[in-house]
Number of protein chains: 2
Amino acid sequence: MKRPTIADIAREAGVSKGAVSYALNGRPGVSPATRERILAVAGRLNFHADSNARALAGAKARVVGLTLQRPPSTLGVEPFFMELISGLELELSRRSYALLLQMTPGRDEEVAFYRRWLSEGRVDGVLVCDVRTGDSRIAALEELGLPAVVIGPPDVSGSLPSVWSDDAQSMVEAVEYLAALGHRRIARVGGIVEFAHTAIRTAAFTGVCERLGLADAVTVPADYSGDSGARATRRLLGAAHRPTAVIYDNDIMAVAGLTVAHELGLSVPGDLSIVAWDDSPICRLLHPPLTALTRDIGAYGVAAAQLLLAAIGGATATSTHGAPAHLSPRGSTAGPPAPA
Amino acid sequence: MKRPTIADIAREAGVSKGAVSYALNGRPGVSPATRERILAVAGRLNFHADSNARALAGAKARVVGLTLQRPPSTLGVEPFFMELISGLELELSRRSYALLLQMTPGRDEEVAFYRRWLSEGRVDGVLVCDVRTGDSRIAALEELGLPAVVIGPPDVSGSLPSVWSDDAQSMVEAVEYLAALGHRRIARVGGIVEFAHTAIRTAAFTGVCERLGLADAVTVPADYSGDSGARATRRLLGAAHRPTAVIYDNDIMAVAGLTVAHELGLSVPGDLSIVAWDDSPICRLLHPPLTALTRDIGAYGVAAAQLLLAAIGGATATSTHGAPAHLSPRGSTAGPPAPA
DNA sequence: CTGAAAGCGCTTACAG
DNA sequence: CTGAAAGCGCTTACAG
C-alpha cells in the first residue's frame with residue numbers, strides 16, 4: 001500500500017485535512033470525539049506525517065545537528081562522545097527528535113555546516129562541543145540566529161546556553177586528596193591547551209597547589225592521545241625531582257602513563273600515584289585500577305538536549321550546571337614513597 | 001537577509017525557476033552559458049536548496065540512517081562504532097549526504113524506526129549493524145523496500161548487499177601463529193553468541209584447532225564487557241589444564257584478561273599468551289602491548305556508504321569483501337611455559 | 001467546532 | 001534550449 005497521507009485519513013474519518021492536522025498536533029480546533037476518531041484511524045494506518053512536508057509548511061524539522069571534529073584518532077578511543085550521544089538521544093527520542101551527526105576536519109567546516117543546515121532547513125538547532133577561548137563558532141551561531149547549546153564552560157559560550165560542571169572544584173578535590181596522602185610533588189599532564197576547559201583545569205591546578213604550598217606543580221601539555229601522554233610522562237619521570245603523583249586530563253593518557261611507569265621500573269602506587277580525569281571501564285580493568293574523576297557524561301547529554309529543545313521552542317534557556325566530577329579512589333593512588 | 005530561494009536566483013539571473021533547478025542539479029535543459037550564470041549567482045548568494053522542498057518534490061532526502069543498539073555500556077568503550085562512523089561520513093560528506101544516528105533499546109525498535117523514517121520521508125536508506133542469524137531486521141527491510149546495506153557477514157544479509165571480511169581466515173591466522181609458537185592448549189573468550197560473526201569465528205576456531213590436533217580448544221561465551229571477559233578468564237585459568245594462550249573477541253575483554261592473569265600471579269606472555277580481536281590504541285599502550293587482529297574499520301564504513309549510495313541510486317549493489325583482519329604480533333604472545 | 005484554500009520551495013513533465 | 005504550471009504533503013490563517 002502507498003504511504004497514507006492526511007488526505008487518506010481525512011477521507012476515512014470523514015473530516016477535512018485541516019482537522020486531521022489539528023488533531024495530530026494536539027491543537028485546539030477539533031472536538032474530543034473527532035480527535036479521537038482521527039487518532040484511531042491514524043494509528044490503524046500507522047501514519048507518520050511526512051517530515052519534509054511538515055517542515056516546508058512551517059513546522060519544525062525535528063532534527064538537531066551535532067558536529068564533531070575528527071581528531072587524530074582519539075575520538076574513537078574516548079568514551080566521552082559515545083556517552084554524550086547516548087544521553088542526547090535519550091532525551092531527543094522522547095521528544096521525537098532525530099540527531100544529525102557530522103564529522104568535520106575543523107572548526108571552519110563546522111560553521112559551514114551550520115550555515116548549510118540552516119539554508120537547507122535540515123535542523124532546528126545544533127550542539128557545540130570542544131569550545132575554545134574566543135571560539136569562532138559561537139559568534140557565527142549568534143549571528144545566524146540558529147538555536148544552539150554549548151557543551152562546555154559558560155564563560156566561553158557567549159550568549160548561548162551551556163551545559164558544564166565545575167572542573168575547578170573537581171581539580172581541587174583531586175589535588176587535596178593527593179596532598180592529604182602526603183604528596184608534595186604533584187604534576188599534571190593536560191589536555192589540548194586551546195580548549196576552554198583545559199585552561200580552567202590548569203588555573204585550578206596551579207591555584208590549589210600554590211595554596212597548599214606545593215612546589216614543582218607543573219602542567220605538561222599533551223593532546224589526549226596515548227603517545228602524547230607517554231611522552232609527557234617520560235619527560236616528568238626523567239626529571240631530577242620527579243613527581244610522586246600525576247593527574248592526567250583523560251583516561252587514555254593515564255593508561256599510557258601507567259605503562260611508562262612500569263617500563264621505568266616504578267611501581268604504581270608505591271613509587272608513583274596516578275589519577276585519571278574521566279573514568280571509563282578501562283580504568284577499572286587495569287592493574288592497579290586507576291583512581292579517577294568520575295562524572296555522568298550521559299546526564300550532560302540529557303541536559304543539553306533539554307536546553308536545546310527549550311531554545312528551539314522559543315524559551316530563553318539558561319545555562320545548566322551538571323554535577324562536578326568526583327574522585328573515585330582506587331588502587332593507583334597511595335602515599336608517596338618514603339624519602340630515600 | 002532572508003534565505004534565498006530559486007525564485008530569487010531566477011530573477012537575478014533572468015531565467016525561470018525551472019532553469020535554475022536544472023542548472024543546480026546538473027541536468028540537461030540549459031545552455032552552458034546560462035548554467036554558468038545561474039551557478040555564479042547561486043554561489044554569490046551562498047545558496048543551498050531547501051532539502052525539505054527538494055525531498056517533497058520527489059528528489060532524494062540525501063540522508064541515510066544508522067541505528068545502534070544501546071548495549072550495557074560497551075558501546076562507548078569499543079572504538080569500532082566511532083571508527084565505522086568516521087568512515088561512513090568520509091564518503092557520505094563527499095556526496096553531500098548526511099547521517100541520521102539513532103540509538104535504540106533493541107532490534108524491534110530499530111525496525112520501528114525504519115518504518116517511521118520511511119513514512120516520514122526522512123532517509124533514503126539505512127545501514128544495519130550487529131546482525132544475528134535470522135535477524136528480523138533483514139526481512140523487514142526487504143519487505144519495506146528501503147535501500148539498506150548490512151555491515152556484517154553476507155550469509156545472513158538476505159538479499160541486501162553487505163560489507164564484511166573473512167573472519168574465519170583471520171581466526172586461522174591467529175591460531176596457527178600460536179600453534180607455531182608451540183601452544184597446544186588454546187582457548188577463546190567469545191563475543192555475543194547470537195551475532196552472526198561470532199558463530200563464524202567459533203566455527204573457524206573449532207575447525208582449525210581440530211585440524212591442528214589441539215585438544216581443549218574451548219570457547220567461553222561472553223558479552224564484550226570487561227566484567228564478562230574477566231569472569232571467563234578466571235574460569236579458564238582456574239581449570240585443571242589451563243590454557244597457555246587465550247584469544248579474545250574484543251579488546252576490552254583482552255584487557256580484562258590481562259589484568260586477571262596478573263591478579264593470579266601469571267606472567268604475560270611467560271605463562272599466558274593473549275591475543276585481542278580488533279586492535280585499538282589501548283592495545284598498544286598496555287604492558288605488555290597486546291598482540292591483536294587489526295583491521296581497517298574506517299574502510300568498512302567507506303565501502304558501506306558507497307554500496308548504500310549505489311543502492312539508493314537504483315544500482316543493484318553487490319556485497320563487498322573488505323581486507324581481513326591480520327595479526328599484529330606484540331609483547332603479549334610468546335612460546336608456552338616449559339612443562340613443569 | 002469545521003471546511004475550503006493558500007502557500008511553503010522545490011522538481012518535473014509539458015508546451016513552445 | 002526556455003517558460004509557465006502542476007504537484008509533492010503538510011500547516012495555518014480565514015471564513016463560516
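What you are looking at is a predicted structure, and each value in this text was computed from that prediction instead of being measured. Chain identifiers are assigned alphabetically (A, B, ...) following the order of the sequence lines, protein sequences preceding nucleic acid strands; residue numbering begins at 1 within each chain.
Within the nucleic acid shown, B/Gly58 has no heavy atom closer than 4.0 Å to any nucleic acid atom. When heavy atoms are screened at a 4.0 angstrom cut-off, B/Arg35 is found touching no nucleic acid atom at all.
Within 6.0 Å of CD in A/Glu36 there are 12 or fewer heavy atoms belonging to other residues, nucleotides or ligands.
Electrostatic pairing of B/Asp8 and B/Arg11 counts as a salt bridge here, judged by a charged N lying under 4.0 Å from a carboxylate O.
Checking the phosphate oxygens (OP1, OP2) of C/dG9, no side-chain nitrogen or oxygen of B/Arg54 falls inside 4.0 Å. For C/dC1, neither phosphate oxygen OP1 nor OP2 lies less than 4.0 angstrom from any side-chain nitrogen or oxygen of A/Thr34. Under 4.0 angstrom from either OP1 or OP2 of D/dG9 there lies no side-chain N or O belonging to A/Thr5. A/Ser31 has a side-chain polar atom (N or O) that falls below the 4.0 Å cut-off from OP1 or OP2 of C/dT2.
Both B/Val15 and A/Ile6 lie near DNA chain D, and the one whose nearest nucleotide falls closer to the 5' end is B/Val15. Summary of the strand contacts: B/Leu56 and B/Ser16 both lie near DNA chain D, and taking for each the nucleotide with the nearest heavy atom, the more 5' one is attributed to B/Ser16. Take the nearest nucleotide of DNA chain C for B/Tyr22 and for B/His48: the residue whose nucleotide is more 5' is B/His48.
Computed from coordinates, the B/Asn25 CG to C/dT12 C1' distance equals 11 Å when rounded to whole Å. For B/Ile38 and D/dG3, the CD1 to C1' distance is 12 Å, given to the nearest whole Å. For the pair B/Ile9 CD1 and D/dT2 P, the computed distance is 16 Å after rounding to whole Å. When the P atom of D/dG9 is taken as reference, atom CG of A/Asp50 falls 7 Å away, rounded to whole Å. The CZ-P distance, from A/Arg11 to D/dG9, rounds to 12 Å in whole Å. In this entry the distance linking NZ of A/Lys17 with P of C/dA4 reads 11 Å, nearest Å. Rounding to whole angstrom units, CZ of residue B/Arg37 and C1' of D/dC1 are separated by 12 Å. Atom CG in B/Asn52 sits about 14 Å away from atom C1' in C/dT11, given to the nearest Å.
Pairing for C/dA15 is with D/dT2, a Watson-Crick or G-U wobble pair whose two hydrogen-bonding atom distances lie under 3.5 Å.
A distance-only check finds no donor-acceptor pair linking the side chain of A/Arg132 to the backbone of A/Val156 [under 3.5 Å].
For the 3.5 Å distance criterion, the side chains of B/Glu110 and B/Thr67 qualify, holding a donor opposite an acceptor.
A cation-pi arrangement is not found for A/Arg62 relative to B/Trp117, the charged atom failing to lie both closer than 6.0 Å to the ring centre and inside a 45° cone about the ring normal.
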